[in-house]
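Everything below concerns the one structure shown next.
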Amino acid sequence: MRLIIFGPPGSGKGTYSSILKEKLGIEKISTGDIFRAEVKKQSELGKKVESYLKQGLLVPDEIVIEVVKKIIDEKKDNFILDGFPRTVNQAEWLINYIKIDAIIKINVHDEILIEKISGRRVCSNPNCDGNYNITDIDKVIDGIHYKLPSLLPKNDMICDKCGSKLIQRDDDRPEIVRERLKVYYQQTKPVEEYLRKKGLYFVEIWANREPKFIAEEIISKLSNR
Ligand code: ADP
Ligand code: ZN
């Protein structure tokens with residue numbers, strides 16, 4: 001199955017796609033994770049993209065597409081794209097390059113995003129996708145009941161998967177988060193409109209409960225297709 005997971009920064013895309021990766025046995029392709037790992041390694045690619053990531057700005061399309069193309073060529077039939085496409089250009093390239101089966105669209109209110117992002121902690125090991133959250137949310141907004149307990153590691157600030165230290169991402173600081181949300185609404189929302197116009201199949205989910213429930217809901221909606 002070839003999937004895209006789509007939604008604002010902090011909507012839990014990374015967590016859901018890690019669960020879907022395990023449950024569906026598909027590869028997770030996260031452009032953000034790839035870029036962050038390259039920056040840590042200070043590879044040639046890492047040096048090229050570092051300043052964009054630091055400022056919460058998008059990496060130029062040519063660079064992103066080259067990276068994604070290489071991985072899609074290897075993984076071909078079973079993947080979930082997390083963080084790509086993020087511009088109409090990227091979306092146009094993708095749907096002309098390969099057939100996408102479904103787009104999982106995550107809905108969540110901004111207020112929740114900001115709270116959740118500030119509580120996010122990630123594994124400091126560049127080869128690990130460990131993802132946690134220290135914020136606990138239980139409130140209703142516009143009739144949507146958000147019940148989002150924290151996602152704590154078993155040992156304080158240590159990754160369950162690999163034992164490395166947990167850290168806050170540089171771009172999870174509030175001023176950068178606001179910039180990322182602005183970028184999302186300006187450049188990424190049009191991607192959704194574009195893909196809907198092109199007739200792609202959308203599965204919509206409100207991210208108001210624990211990731212494992214959301215992942216189950218996604219799988220059940222995908223299989224009802
Ligand atoms: P978010 O939590 O904001 O969705 P990601 O981890 O997906 O963050 O991405 C982090 C950063 O990596 C982005 O702010 C951007 O600089 C860069 N990036 C990731 N994916 C793309 C993409 N498809 N196009 C351009 N830049 C990207
Ligand atoms: Zn880890």
Side-chain angles (χ1 to χ4, degrees), residues 4-18 28-40 45-46 48-72 80-94 97 104-106 108 110 112-114 116-133 151 153-155 157-192 194-195 207:
I4 296 174
I5 190 158
F6 198 83
S11 56
K13 288 180 313 232
T15 309
Y16 312 137
S17 43
S18 291
K28 171 183 169 189
I29 307 177
S30 160
T31 44
D33 286 351
I34 294 167
F35 290 142
R36 274 186 295 278
E38 296 295 324
V39 169
K40 263 181 215 161
L45 172 63
K48 260 197 267 180
V49 302
E50 187 167 17
S51 70
Y52 298 101
L53 268 78
K54 278 221 168 109
Q55 298 173 73
L57 300 174
L58 293 185
V59 172
D61 288 338
E62 318 81 77
I63 300 179
V64 189
I65 289 171
E66 194 187 325
V67 167
V68 172
K69 180 177 182 297
K70 217 178 276 172
I71 306 177
I72 288 184
I80 181 161
L81 282 164
D82 163 24
F84 184 94
R86 253 208 186 56
T87 64
V88 173
N89 253 335
Q90 292 176 12
E92 195 179 1
W93 171 80
L94 180 67
Y97 192 65
I104 302 154
K105 165 76 199 305
I106 311 293
V108 50
D110 280 3
I112 299 286
L113 291 175
I114 291 172
K116 263 297 172 195
I117 294 180
S118 59
R120 174 150 76 184
R121 297 294 179 272
V122 296
C123 181
S124 56
N125 172 359
N127 300 315
C128 177
D129 64 358
N131 222 306
Y132 306 85
N133 209 298
L151 196 65
K154 289 193 187 76
N155 299 306
M157 296 306 281
I158 299 291
C159 180
D160 290 348
K161 294 187 176 177
C162 76
S164 302
K165 211 177 72 182
L166 301 186
I167 51 170
Q168 180 169 41
R169 266 166 49 179
D170 260 359
D171 61 352
D172 280 346
R173 284 175 292 130
E175 64 279 18
I176 305 292
V177 169
R178 276 190 288 274
E179 180 62 30
R180 280 161 60 208
L181 278 175
K182 205 172 93 195
V183 168
Y184 173 73
Y185 288 114
Q186 284 172 351
Q187 304 188 38
T188 311
K189 279 297 272 185
V191 173
E192 181 186 346
Y194 173 80
L195 293 171

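Atom set for the values below is all heavy atoms of this structure, side chains included, hydrogens, waters and symmetry mates excluded. Each ligand, and each atom within it, is numbered from 1 in the order the structure gives. Since this is a predicted model, take the numbers as computed values, not measurements.
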Is it the case that ligand 1 has an N or O less than 3.5 angstrom from some N or O of Val59?
yes
Salt-bridged, Asp129 to Arg36, with N to O below 4.0 Å?
no
Hey, are the side chains of Leu57 and Glu179 touching, using non-hydrogen atoms and a 4.5 Å cut-off?
yes
side-chain contact (heavy atoms from CB on, under 4.5 Å) with Ser17: which of Ile80, Ile104, Asn131?
Ile80
Contact check: Gly83 vs ligand 1, nitrogen or oxygen atoms, below 3.5 angstrom:
yes
Are any of the side-chain heavy atoms of Leu113 and Val177 separated by less than 4.5 Å?
no
What residue and atom, counting heavy atoms only, is the protein's closest point to atom 16 (O) of ligand 1, and at what distance?
Leu57 O, 2.5 Å
Side-chain contact test, heavy atoms from C-beta onward, threshold under 4.5 Å: evaluate it for Asp110 versus Tyr185 and give yes or no.
yes
Begin from the C-alpha positions of Ile65 and Tyr97 and carry the test side-chain contact (heavy atoms from CB on, under 4.5 Å) through to its verdict.
CA-CA 11 Å; Ile65 289 171; Tyr97 192 65; over 6 Å; no
Salt bridge check: are Lys189 and Glu192 linked by an N-O gap of less than 4.0 Å?
yes
Fit a plane to each ring of Tyr184 and Phe6, take the angle between them on a 0 to 90° scale, and name the class: parallel (under 30°), tilted (30 to 60°) or perpendicular (over 60°).
tilted
Side chain proximity check, Ile4 to Pro85, heavy atoms < 4.5 angstrom
yes
List the closest protein heavy-atom neighbour of atom 20 (N) of ligand 1: residue, atom name, distance to the nearest 0.1 Å.
Thr31 OG1, 2.7 Å
At what distance is the nearest protein heavy atom to atom 3 (O) of ligand 1, and which residue and atom is it?
Arg180 NH2, 2.8 Å
Residue, atom and distance of the protein heavy atom nearest atom 11 (C) of ligand 1 read Leu53 CG, 3.8 Å
min-distance protein heavy atom vs atom 24 (N) of ligand 1 -> Gln90 NE2, 2.9 Å
Ligand 1 contact on Arg169 by region, counting heavy-atom pairs under 4.0 Å
side chain
Atoms of ligand 1 close to Arg120 [distance to a heavy atom under 4.0 angstrom, numbered from 1]
2 (O)
Run through the protein N/O/S atoms less than 2.8 Å from the Zn ion (ligand 2) and write them out by chain and number.
Cys123 SG, Cys128 SG, Cys159 SG, Cys162 SG
For ligand 1, which atoms have a heavy atom of Val64 less than 4.0 angstrom away?
22 (C), 23 (N), 24 (N), 25 (C)
Looking only at protein heavy atoms, which one is nearest to atom 10 (C) of ligand 1, and how far off is it?
Arg36 NH1, 3.4 Å
Are Phe35 and Val64 side-chain neighbours, meaning at least one heavy-atom pair lies under 4.5 Å?
yes
Starting from atom 27 (C) of ligand 1, what is the nearest protein heavy atom, named by residue and atom, and what distance separates them?
Phe35 CE1, 3.9 Å
Heavy-atom distances under 4.0 Å decide this one: backbone, side chain, both or neither, for Glu50 against ligand 1?
neither
Look at the side chain of Asn133 and the backbone N and O of Lys116, then say whether any donor-acceptor pair between them is shorter than 3.5 Å.
yes
Nitrogen or oxygen of Lys13 less than 3.5 angstrom from that of ligand 1:
yes
With the side chain counted from C-beta on, respond yes when Glu62 and Asn89 share a heavy-atom pair under 4.5 Å apart, and no when they do not.
no
Main-chain N/O of Ser164 paired with Ser124 side-chain donor or acceptor, under 3.5 Å
no
Among all the protein's non-hydrogen atoms, which is closest to atom 9 (O) of ligand 1, and how far away is it?
Arg86 NH2, 3.3 Å
